[in-house]
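Hydrogens, waters and symmetry mates play no part in the numbers below; they use all other heavy atoms, side chains included. Starting from 1, each residue takes its place in the sequence as its number.
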Amino acid sequence: MDMQPNKSSSHAVFSLRLHVVFVTKYRRKVLTPGITIELKQIFSVILEKWKCSLIEFGAEEDHVHLLIEIHPALNISTLMNNLKSASSRRIRNRHADYLATFYWKPYFWHRAYYVGTVGNASLETVRKYVENQNTKETKPPA
């Protein structure tokens with residue numbers, strides 16, 4: 001297991017990693033390869049501004065997985081809402097005509113999300129899981 005702390009501040013040394021899942025509204029299969037590439041870049045930029053980092057990114061047609069590293073002083077729910085709203089706004093602006101065929105309102109992400117700590121799993125295990133999200137061989141856990 002990767003136990004090395006990644007970051008430090010004047011009063012703390014920390015390594016906080018989260019697995020995040022965002023699902024498209026109504027689980028519509030709107031995530032094309034091009035949109036997926038854009039989302040990865042968008043999430044990287046947003047996380048950088050929050051002093052966080054995107055470690056891994058994976059996507060299927062109706063959801064994305066992010067493995068991120070965060071700062072301990074961060075409000076996680078505020079970060080999640082910012083990631084969803086900013087990415088949604090940018091993708092809707094860039095792909096308005098395409099998305100209009102799926103949504104009659106300015107929707108993109110479902111309002112719910114999943115976020116979990118990666119404390120008990122090795123980073124390599126979570127990394128492989130996230131990397132394999134865009135393969136046809138991926139099967140749901142039993």
> How long is the gap from CG on Leu47 to CG on Asn82, to the nearest 0.5 Å?
Replying inline: 9.0 Å
> For Thr101, what residues pass the side chain to side chain contact (heavy atoms under 4.5 Å, CB included) criterion, not counting sequence neighbours?
Replying inline: none
>> Show, in sequence, the C-alpha distance, side-chain angles and deciding distance for Phe22 and Leu83, and conclude whether the side chain to side chain contact (heavy atoms under 4.5 Å, CB included) test is met.
In response: CA-CA 10 Å; Phe22 296 143; Leu83 285 168; 4.0 Å; yes
>> Hydrophobic clustering (ILVMFWY, side-chain heavy atoms < 4.5 Å, transitive) - are Phe57 and Leu16 grouped together?
In response: yes
> Any side-chain heavy atom of Val64 sitting closer than 4.5 Å to one from Val20?
Replying inline: no
> Taking only residues two or more places apart in sequence, or in another chain, which ones meet Asn75 in a side chain to side chain contact (heavy atoms under 4.5 Å, CB included)?
Replying inline: Ser77, Thr78
Show which side-chain atoms of residues 103-116 pair as donor or acceptor with protein atoms under 3.5 Å away, not counting sequence neighbours.
residue	atom	partner	partner atom	Å
Tyr103	OH	Lys25	O	2.8
Trp109	NE1	Ser87	OG	2.8
His110	ND1	Ala112	N	2.9

>> My understanding is that only residues two or more places apart in sequence, or in another chain, count here; which of them pass ring-ring contact (aromatic ring centres under 6.0 Å, His included) with His65?
In response: His19, His63, Tyr129
>> According to side-chain hydrogen bond (donor to acceptor under 3.5 Å, both in side chains), who are the partners of Asp62, at least two apart in sequence or on a separate chain?
In response: Arg27
>> Check for me, please, whether Ile46 and Ile76 land in the same ILVMFWY cluster - side-chain distances under 4.5 Å, paths through other members count.
In response: yes
>> So, taking the atom named CZ in Arg89 and the one named NZ in Lys84, what distance separates them when rounded to the nearest 0.5 Å?
In response: 13.5 Å
>> Nearest 0.5 angstrom please: Leu18 CG to Thr117 OG1, how far?
In response: 7.0 Å
> Going from CD1 on Ile55 to CG on Leu66, what distance comes out if it is rounded to the nearest 0.5 angstrom?
Replying inline: 10.5 Å
Quiz: residues 29-45 side-chain donor-acceptor pairs under 3.5 angstrom, not counting sequence neighbours:
residue	atom	partner	partner atom	Å
Thr32	OG1	Ile35	N	3.1
Thr36	OG1	Thr32	O	2.9
Glu38	OE1	Arg94	NH1	3.2
Glu38	OE1	His95	NE2	3.3
Glu38	OE2	His95	NE2	2.7
Ser44	OG	Lys40	O	3.1

> Below 4.5 Å, heavy atoms only, C-beta onward: do Cys52 and Ile68 meet side chain to side chain?
Replying inline: no
> Listed by chain and number, what are the side-chain hydrogen bond (donor to acceptor under 3.5 Å, both in side chains) partners of Thr24, not counting sequence neighbours?
Replying inline: none
> Roughly how far, to the nearest 0.5 Å, is CD of Glu48 from CG of Leu54?
Replying inline: 10.5 Å
> Atom CD1 of Ile70 and atom CZ of Arg17: how far apart are they, to the nearest 0.5 Å?
Replying inline: 11.5 Å
